Amino acid sequence: MADDATAGRGDFIRQIIREDLEAGRHQRIATRFPPEPNGYLHIGHATAIHLNHGIAQEFGGTFNLRFDDTNPAAEDEEFVESIQADIRWLGCDWEGRLHFTSDYFPQLYEYACELIRREKAFVCDLSSEEMFERRGTLTEAGGESPFRGRSVEENLALFAGMKNGESKAGERSLRARIDMGSSVLPMRDPVIYRVVEANHHRTGAEWCVYPMYDFAHCLSDAIEGITHSLCSIEFVDHRPLYDWFLEQLDLPEPRPRQIEFAKFFITDTVLSKRNLRRLVEEGAVEGWDDPRMPTLAAFRRRGVPPKAIENLCRDVGITRSAKTIQLAQFDHHVRAVLNEEALRFMGVLRPLKVVIENYPEGDGEQLDAVNNPQDPGQGTRKVPFSREIWIERDDFLEDPPKKFFRMSPGREVRLRYAYLVTCTEVVKDASGEVVELRCTYDPETRGGDAPDGRKVKGTIHWVSAPHATTAEVRLYDHLFDREDPNDVPDGQDFFASLNPDSLETLHDVPVEPALASAPEGAAFQLERTGYFAFDPESKPEALVLNRTVGLRDTWAKVAKKG
RNA sequence: UGGGGCGUCGCCAAAUGGUAAGGCAGCGGCCUUUGGAGCCGCCAUUUGCAGGUUCGAAUCCUGCCGCCCCAACCA
């Protein structure tokens, strides 16, 4: 368990923590994951969740979940629920330590008053436009607010008035008195409280003023006894402010320490909440959990195992450099986990009828198939076989190229777990399209092995036509048609990169009957085709399958080369 | 432009002054009742560039170059 923490050096954050422990700066470790409930969690959040949770576990510390709900205009209970479900799904347990920044509103208000008393904060009547005018630029200092010199009494009274609803939104704000000449922009007398006229998802209309992130975050960390406040790299510039509030308010040591790391991006998708929201609201997808989305909810629905996400995060590591992971690396981890765990079944996506002419008419027979070749412990099952079967249209070529090992006229091929068969006749309709194949089978090859030891290169999957159950199969592909969806001509946005073929729905797909009794949450492989999971809409009598990811397809590469 | 962060293979990443790990992708081959999986091999004479220090530098110093972040009453 403590491997990462004690064995190797670990990432730079774990190194810092180990040093803090060794130096006696901390007796125990406490981390937190602080999402704002204004959207669904996506793959980019997974690193932060696993980092915070993993560190707590490895160092015997605690991991809190804290909703940073300081902006009621943007936040919603729906997201509070979804975020918890997603974190639980990832396997990260906050063990009941569920907090909301809004829980601390009374205390934060008191801290703000204390700042006023210490002449470190003042009520400012400047509008945001006026503030903008005085903010200065990257190279020039800003100008001080004319309200910066108000007395403690006046500030206290004014702030109390704001709290009691005597100011409209935008009329007044509470600002920290720091330094308008600072080259660190967040230090230029930042607003720390503003009036918001909106219903808060937890506190309703109780508050008229809400703290800003910079003020609320460090203090919430301190209140919870967080030792290491891990956040993403764009907050580096805010660290002086984080420390400033804690110092001004004389919070006891050891104070929480902010450490930044880089989140990762992933190719072939967009990841900002704003863009994901647009996809949902403008109907490019069917919802936050549409399996084409990069949200955790979507991955869950698509059948991605949470273990794959954990492994990906570990593989990518924790650093401070900006990174964009190729989708292939993500897919690799998904396949790696699924290869070990997924049950195998057979299903024929694009069926072509095959009649085995020398096979007896009737009910056919039951053949043995292995449930998971990676794990014999998962046993075997019976698969019905009969005179009429479906095979994949792609598995037949009337005039095959050199390296095509599947079915073609006169060539012997193996039906997985069944028999060696040879195509004897190609039946076509009036337009010349192949509509049926006639074959003969070798009765001596039951199970797929020839007693005379002859080699058969190709093995294809099949489903007995009279025994088949049918399913709806949803084949998901990349939502976008390029690695960087934002790489579009001027005047266009990422909607121009949408892949029109990102979803293909197949109906009446014949699958082997055993699939209907597979466990509800099971991940499974349709042999030679890909990994799938049941959609939540799926019912035993109306199966709906989502393709999680396809199998690696080296034949596609060979075929492409000609 | 002031401040800050970051530059090691196509994409990630290790290295903590001792002579450039590993993964993904790619490319060859073996094996295979999934063209899956597995196995073997190839894939950075060099770490953004230029100098310097040192017996020795991706690591230390100096100077350049490039990319990214910051001017919400968002987080």
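None of the values given here were measured: they were computed from a predicted structure. Numbers restart at 1 for each chain; the letters A, B, ... are given by sequence-line order, proteins then strands.
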*Contact class for A:T529 (heavy atom, under 4.0 Å): base, sugar-phosphate, or nothing?*
nothing
*Phosphate oxygens OP1/OP2 of B:A75: is one of them under 4.0 Å from a side-chain N or O of A:T70?*
yes
_Just to be sure I understand the rule, does A:E36 reach a base, reach only the sugar-phosphate, or reach nothing, if contact means heavy atoms closer than 4.0 Å?_
sugar-phosphate
*Give me the one residue out of A:R150, A:R175, A:K168 that meets salt bridge (Lys or Arg N to Asp or Glu O under 4.0 Å) with A:D125.*
A:R150
*Please work out if A:H238 contacts a base, only the sugar-phosphate, or nothing of the nucleic acid, heavy-atom cut-off 4.0 Å.*
base
*Is the number of heavy atoms from other residues, nucleotides or ligands within 6.0 Å of CZ (A:F132) greater than 12?*
no
_So, does A:R552 get its side chain near the phosphate of B:A37, meaning an N or O under 4.0 Å from OP1 or OP2?_
yes
*Looking at every strand, decide which applies to A:T137 at a 4.0 Å heavy-atom threshold: base, sugar-phosphate, or nothing.*
base
*OP1 or OP2 of B:G36 sitting under 4.0 Å from any side-chain N/O of A:R335?*
no
*If you look at every strand shown and take non-hydrogen atoms under 4.0 Å, does A:D449 touch a base, only sugar-phosphate, or nothing?*
base
*Sort out the partner of B:C60 for me: Watson-Crick or G-U wobble, both distances under 3.5 Å, none otherwise.*
B:G52
*Syn or anti: how is B:A72 classified when any glycosidic angle within 90° of 0 counts as syn?*
syn
*Should the pair A:Y419 and A:Y441 be assigned to parallel (<30°), tilted (30 to 60°) or perpendicular (>60°) ring geometry?*
perpendicular
*Distance between P atoms of B:G29 and B:G36 (Å, rounded)*: 14 Å
*What does A:M131 touch in the nucleic acid at a heavy-atom separation under 4.0 angstrom: a base, only the sugar-phosphate, or nothing?*
base
*Using a 4.0 Å heavy-atom cut-off across all strands, classify A:F235 as base, sugar-phosphate, or nothing.*
base
*Answer yes or no: does a side-chain N or O of A:R18 lie under 4.0 Å from OP1 or OP2 of B:U16?*
no
*Check every strand shown and say whether A:T554 touches a base, only sugar-phosphate, or nothing at a heavy-atom separation below 4.0 Å.*
sugar-phosphate
*Is the shortest side-chain N/O distance from A:H461 to OP1 or OP2 of B:U34 below 4.0 Å?*
no
_More than 12 heavy atoms of other residues, nucleotides or ligands under 6.0 Å from CZ of A:F265: yes or no?_
no
*asked:* Once you apply a heavy-atom cut-off of 4.0 Å, does A:R320 come out as touching a base, just sugar-phosphate, or nothing?
replied: sugar-phosphate
*Mind checking A:T319 for me? I need base, sugar-phosphate or nothing, with any heavy atom below 4.0 Å counting as a touch.*
sugar-phosphate
*Just checking A:F67: base, sugar-phosphate only, or nothing, at a heavy-atom cut-off of under 4.0 Å?*
nothing
*Just call it for A:R188: base, sugar-phosphate, or nothing, with non-hydrogen atoms closer than 4.0 Å on any strand.*
nothing
_For A:H238 and A:F235, take the angle between the two ring planes, folded into 0 to 90°, and tell me which bin it lands in: parallel under 30, tilted 30 to 60, perpendicular over 60._
perpendicular
*Using the P atom in both, what is the distance from B:C65 to B:U53, to the nearest Å?*
24 Å
_Side chain of A:P186 (C-beta onward), nearest among B:C73, B:C70, B:G23_ = B:C70
*Provide the distance between the two P atoms, one in B:C49 and one in B:A57, to the nearest whole Å.*
15 Å
*asked:* Testing the basics here: between A:R202 and A:S102, what is the closest heavy-atom pair and its distance to 0.1 Å?
replied: CD-OG, 3.7 Å
_Ring centres within less than 5.5 Å and planes less than 30° apart: is that true of A:W555 and B:G35 in this structure?_
yes
_Any A:R194 side-chain N or O less than 4.0 Å from OP1/OP2 of B:C74_ = yes
*Nearest whole angstrom, please: distance from the C1' of B:A13 to the CD of A:Q326.*
13 Å
*Side-chain N or O of A:R135 closer than 4.0 Å to phosphate OP1/OP2 of B:A72*: yes
*Could you measure between the two C1' atoms, the one in B:U16 and the one in B:A58, and give it in whole Å?*
12 Å
*side-chain N/O A:T267 vs B:C11 OP1/OP2, d < 4.0 Å*: no
*Taking only N and O in the side chain of A:T139, is any of them less than 4.0 Å away from OP1 or OP2 of B:G3?*
no
*Using the P atoms only, state how far B:G48 lies from B:C67, rounded to an integer number of Å.*
16 Å
*asked:* By the 4.0 Å heavy-atom rule, please label A:E340 as base, sugar-phosphate, or nothing.
replied: nothing
*Is the shortest side-chain N/O distance from A:K557 to OP1 or OP2 of B:G35 below 4.0 Å?*
no
*Out of A:R350, A:R416, A:R414, A:R528, which residue meets the salt bridge (Lys or Arg N to Asp or Glu O under 4.0 Å) rule with A:D395?*
A:R528
*Using 30° and 60° as the class limits, which term best fits the ring planes of A:H200 and A:Y210: parallel, tilted or perpendicular?*
parallel
*Per the atom types in the model, does the base of B:G4 pair as donor or acceptor with the side chain of A:D237 at under 3.5 Å?*
no
_Per A:R344 side chain, nearest of listed nucleotides B:G36, B:G5, B:C74_ = B:G36
_For a quick test of reading the model: is some side-chain N or O of A:S321 closer than 4.0 Å to OP1 or OP2 of B:A13?_
yes
*asked:* Work out how far the C1' atom of B:U32 is from that of B:A14, and round it to whole angstrom.
replied: 34 Å
_When the P atoms of B:C6 and B:A15 are compared, how many Å lie between them, rounded to an integer?_
16 Å
*Quickly work out the A:L343 CG to B:G36 C1' distance and round it to whole Å.*
16 Å
